[in-house]
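Note that the structure is predicted; figures quoted are calculated from it, not measured. Computed over heavy atoms, backbone and side chain alike; hydrogens, waters and symmetry mates excluded.
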Amino acid sequence: MSSLELGLIGNSRTSALIDRNARIVWWCYPYFDSDPVCCELMNPGLKDKASGFIDVGFEKIRQADQYYERNSAVLVTRFGDNAHNVIEIIDFAPCFPMHDRLFTPSSIIRIIRRVAGRPRITIRIRPGVNYGSEAPQVLPGAHHISYKGPQQTLRVTTDASITSILDEKPFFLNDSVTLVFGPDQAVESAPQDIGRAWYEATVRYWQNWIHNISMPFEWQDAVIRAAITLRMNTFYDTGAIIAAVTTSIPGSPAARHNRDYRYSWVRDSYFVVSALNRLGATGTMERYLQYILNIIADSKGLPFQPVYGIHRNAELEERIAPALAGYNGKGPVRIGNSACREIQNDVYGSAILACTQAFFDKRLHRPADRNVFADLERLGEEAIARYNQPDADIWHREDGKHVHTFSSVMCWAACDRLAAIAKELKMKAREELWAANAAKIRDDILTNAYNGKLGTFTSAWNGSEVDASLLLMAELRFLEPEDERFRNTVFTIEKRLLRGDFLLRYENEDSDGLPETALLVCTFWWILALAYIGETDRARAGFEKILSRRNRLGLLSADVSREGNELWGNFPQTYSMVGLIQCALRLSRPWENAF
């Protein structure tokens, strides 16, 4: 059985998931959305697996420990046996400044060290290609092995015995061995020298990055791990932000559908940018601004999609990988995402909100200007046209019949922020125009989305049901936290959707009855809303409970079982890590009152 007790390594270009025994079970190479050379996570429980993993065999393991190097994305796994032999495995993706830019190759470094005794290990490298349907062609060299697939070739350069690796024969580890996985190119130095130098530079980069961000007083370790995870899920080349590293992990054991989350959702990206901005890590916003501006330019005359590929590709045709059984056999495994064709009208507000700070932040190398504002106005015009139109909403309920309140609120936010930007740019006429548009949309929402008889805002205009997205009305500044309509909405949502410690997405969750899992971000939104309305003690208690559901390395997926600690859904989920940061910042005691 697979589980999500996994560690993530990455460098904003490629990333991999590693289990507690230092087995690389998921690695899309060379990019986040590429063919996974390690795909065992989606093919568990099969005997004599032919391909799909990279590991280190170590017999009679007595104890294993795994942790991240302090304030970094470098993962360390340590094994010991009954004979007091101990080894240490260090895994990381290189990430550090070089030649005035960030060096982030599509590479993974694995250093295996002898710590004590006379350990004997086996190195097994069994990549797969074409989503597990083929084995690569193996081409050995003097000090490297190339694994050639139809689209990409993975090379491992090492100072270990090539014969021992090819034959998967155990050998004594006298000191250390280094494996450099990456493109099919000769490396410039000895693997040991490269491994040591890149390890030191990568640890230094991440620790410097953390050193320069703002921290709440409380829950610092949790926030640091969440921030590093979000940073790893950004694609440095284009500025895209992926929703998760994986595809097709279902949201519950009974889920009938799953999705490929290795792409950039406009809504998710806004939340990531917002969270990192609040920590002072504005570089992600600067790169995402360029990504979204290029998307706007690409999409002239076309609908603005809720999701795009990391290379700005608009078409994410969905297909099945038949050779992969799925996470714990719960397939199918999907490639691509048909959500790119859905109509979700909140995306206009999400894109503008993600870019707004760039007009106000004087620290930026290139603050946004009037040209950028003109580009964003195109999205604002679409928001005006669509705020009162039916859509699929954020839960993908595409019935084409309902105007969803959250989508309307985000269209209002698009106009409201454009008015603020125009004021900053001293464009009086544009400020007045966008402020008037925002006021008109707000009035329509208050008229149509608030049910006076029930005393609550509703999921859809002129409706009676509620959903978790309404909890963001104060966070988005549509309503003041003191507004009784917001307070009543929070309490109504709590009454209808809270199950134990967790909040459901919406009423009538599915036709099979009460779901076994809960989408974590909804509970984070509830905790935030409680904090806004002054229910701080309850919010803190709820936050501590959700922190206890993280895996042993501090990571969260999209969903969690309502009973027990089992994580479900794509992993690690940016939405969930964002919620952790938002709640910690909102709930932490301020530094000036901390000690």
Query - Residue list, salt bridge (Lys or Arg N to Asp or Glu O under 4.0 Å) with Asp346, at least two apart or on another chain - result: Arg267
Query raised in the report: With no hydrogens and no angle check, do the side chains of Arg259 and Asn570 hold a donor and an acceptor under 3.5 Å apart?
Result: no
Query raised in the report: Does a donor on one side chain sit under 3.5 Å from an acceptor on the other, for Asn130 and Ser133?
Result: yes
Query raised in the report: Would Tyr31 and Arg262 count as having a side-chain donor-acceptor pair, cut-off 3.5 Å?
Result: no
Requested in this report: Measure the shortest side-chain to side-chain distance between Phe235 and Ile242 over non-hydrogen atoms and say whether it is less than 4.5 angstrom.
Outcome: no
Requested in this report: Using distance alone, with no hydrogens and no angle criterion, decide if Arg231 and Thr284 have a side-chain donor and acceptor under 3.5 Å apart.
Outcome: no
Query raised in the report: How are the rings of Trp198 and Phe96 set to each other: parallel, tilted or perpendicular (split at 30° and 60°)?
Result: tilted
**Report entry** Lys/Arg-Asp/Glu bridge criterion (N-O < 4.0 Å) met for Arg341, Glu315
**Finding:** yes
Report task. Please check if any side-chain donor atom of Asn11 sits under 3.5 Å from a side-chain acceptor atom of Thr104, or the reverse. Result -> no
Requested in this report: State, without any angle test, whether Ser407 and Asp391 hold a side-chain donor-acceptor pair at a distance under 3.5 Å.
Outcome: yes
Report summary line: Residue set satisfying side chain to side chain contact (heavy atoms under 4.5 Å, CB included) with Ser214, at least two apart, ordered chain then number -> none
**Report entry** Any side-chain donor near an acceptor of the partner, Asp33 and Tyr263, under 3.5 Å
**Finding:** no
Query raised in the report: Should the ring pair Trp206 and Trp209 be called parallel, tilted or perpendicular, given that the plane angle runs from 0 to 90° and is split at 30 and 60?
Result: perpendicular
Report task. Among Leu471, Val578, Leu556, find the one that has a side chain to side chain contact (heavy atoms under 4.5 Å, CB included) with Phe524. Result -> Leu556
Query raised in the report: Looking at the rings of Trp412 and Tyr387, which for Trp means the six-membered one, are their centres under 6.0 Å apart?
Result: no
Requested in this report: Sequence neighbours left out, what passes ring-ring contact (aromatic ring centres under 6.0 Å, His included) with Tyr327? Give chain and number order.
Outcome: Trp568
**Report entry** Salt bridge flag under 4.0 Å for residues Arg505 and Asp467
**Finding:** no
Requested in this report: Name the orientation class of the two ring planes belonging to His404 and His402 (parallel below 30°, tilted from 30 to 60°, perpendicular beyond 60°).
Outcome: tilted
Query raised in the report: Judged by modelled atom types alone, do Ser106 and Thr14 share a side-chain donor-acceptor pair under 3.5 Å?
Result: no
**Report entry** Salt-bridge present (Glu431, Arg417; N to O < 4.0 Å)
**Finding:** no
Query raised in the report: With a cut-off of under 6.0 Å to the ring centre and 45° to the axis, is Arg430 in cation-pi contact with Phe373?
Result: no
Query raised in the report: Are Thr246 and Trp26 linked by a side-chain donor-acceptor pair shorter than 3.5 Å?
Result: no
**Report entry** Distance-only side-chain donor-acceptor flag, Arg312 / Tyr291, under 3.5 Å
**Finding:** no
Report task. Would you check if there is a donor-acceptor pair between the side chains of Glu475 and Trp525 at a distance under 3.5 Å? Result -> no
Requested in this report: Is it possible for you to check whether Arg13 lies under 6.0 Å from the centre of the six-membered ring of Phe32, through NZ or CZ, and within 45° of that ring's axis?
Outcome: no
